[in-house]
Amino acid sequence: MLIETRLLKKHFKISRDEILHAVDGVSIAISEKEVLGLVGESGSGKSTFGKTLIGLHNRTSGEAFYRGEALPAKFSAKDHLNYSKKMQMIFQDPYSSLNPRMTVLDIVGEGLRIRGTPREEIKERVAHWLKRVGMNSDHMSRYPHEFSGGQRQRIGIARAMIIEPKFVVCDEPISALDVSIQAQVINLLDELKQSLGLTLLFIAHDLSMVRYVSDRMAVIYLGSLVEIGPTNKVFFEP
Ligand code: ADP
Ligand code: MG
């Protein structure tokens with residue numbers, strides 16, 4: 001198994017005496033090079049699960065593992081640096097997830113910069129990854145607002161991929177995009193997955209989108225898994 005969670009919980013304290021059980025004991029395992037689709041209605045805990053799994057939220061309880069290695073419940077700065085090399089996330093909204101004051105070079109190259117990569121090498125690798133996601137190196141000096149939603153999502157994909165992670169949480173990567181370009185972005189992710197041997201947790205609110213890319217599918221409802229199995233089984237006999 002590349003990724004495993006056991007009874008993972010993330011509760012939010014939302015007022016003095018109210019606790020929201022956003023993720024309430026989710027156990028899953030994802031094998032190397034597998035795509036697990038995670039489906040559920042809005043507010044069911046999909047994003048919170050993905051973020052807690054890769055350490056963007058401190059978990060409330062339960063366990064998480066990367067290649068059998070226990071992940072800390074609370075990531076230190078060093079843990080973030082270490083694990084962000086292995087696990088990355090592509091966010092739902094390409095409008096809010098890219099810093100409007102940073103150039104594309106700085107956005108895509110950020111993960112290399114914090115690791116001390118020399119500027120010239122960052123430029124070369126950013127140029128390479130922009131091409132790889134269907135953009136071009138002239139886009140480096142521009143700002144996010146100069147691009148369409150689909151292009152911004154490609155920039156977000158390049159930012160995640162430049163680190164060469166093994167595991168990527170794709171959090172509804174196409175739901176904010178025009179229907180006409182959704183398939184292009186799905187195809188890009190599928191092609192990257194095939195050629196780089198990635199393992200994906202592919203989050204969607206709609207079964208039909210993930211069924212083409214997922215080997216297995218899990219359904220989450222109110223923070224709990226209600227079903228998990230091979231894609232065709234979950235899709236045709238839910
Ligand atoms: P989904 O991605 O399935 O739409 P989320 O994981 O975003 O669902 O949210 C699950 C629940 O947790 C929702 O009720 C949401 O309002 C709540 N939630 C998410 N993030 C936070 C947070 N940082 N603080 C408090 N509540 C949150
Ligand atoms: Mg979400």
Short side-chain donor-acceptor distance under 3.5 Å, S31 and R216: no
With salt bridge (Lys or Arg N to Asp or Glu O under 4.0 Å) as the test, would you mind laying out the steps for R125 and E120 before giving the verdict? CA-CA 9 Å; R125 293 194 38 203; E120 276 314 302; over 6 Å; no
Which class fits the ring pair H57 and F12: parallel under 30°, tilted 30 to 60°, perpendicular over 60°? perpendicular
Quick one about Q151 and R142 (side-chain donor to acceptor, distance below 3.5 Å, no hydrogens or angles considered), yes or no? no
Is it the case that one hydrophobic cluster holds both I157 and V104, taking links as side-chain heavy atoms less than 4.5 Å apart, direct or via other members? yes
Does any donor atom in the side chain of R152 or S96 lie under 3.5 Å from an acceptor atom in the other side chain? no
Begin from the C-alpha positions of Y66 and F167 and carry the test ring pair (Phe, Tyr, Trp, His ring centres under 6.0 Å) through to its verdict. CA-CA 9 Å; Y66 176 89; F167 175 63; 7.7 Å; no
With a 4.5 Å cut-off on side-chain heavy atoms, are E63 and T5 touching? no
Give me the atom names and distance for the closest heavy-atom approach of L53 to M87. O-CE, 4.4 Å
Is a donor on one side and an acceptor on the other found under 3.5 Å between the side chain of K13 and the backbone of E18? no
Would you call E164 and K85 a salt bridge, taking side-chain N to carboxylate O under 4.0 Å as the test? no
Hey, are Q92 and S47 close enough side-chain-wise for a donor-acceptor pair under 3.5 Å? no
Looking only at side-chain N and O atoms, does H205 offer a donor or acceptor that is under 3.5 Å from a partner on E41? no
Would a single hydrophobic cluster contain both L201 and V23, if residues Ile, Leu, Val, Met, Phe, Trp and Tyr are joined by side-chain heavy-atom contacts under 4.5 Å? yes
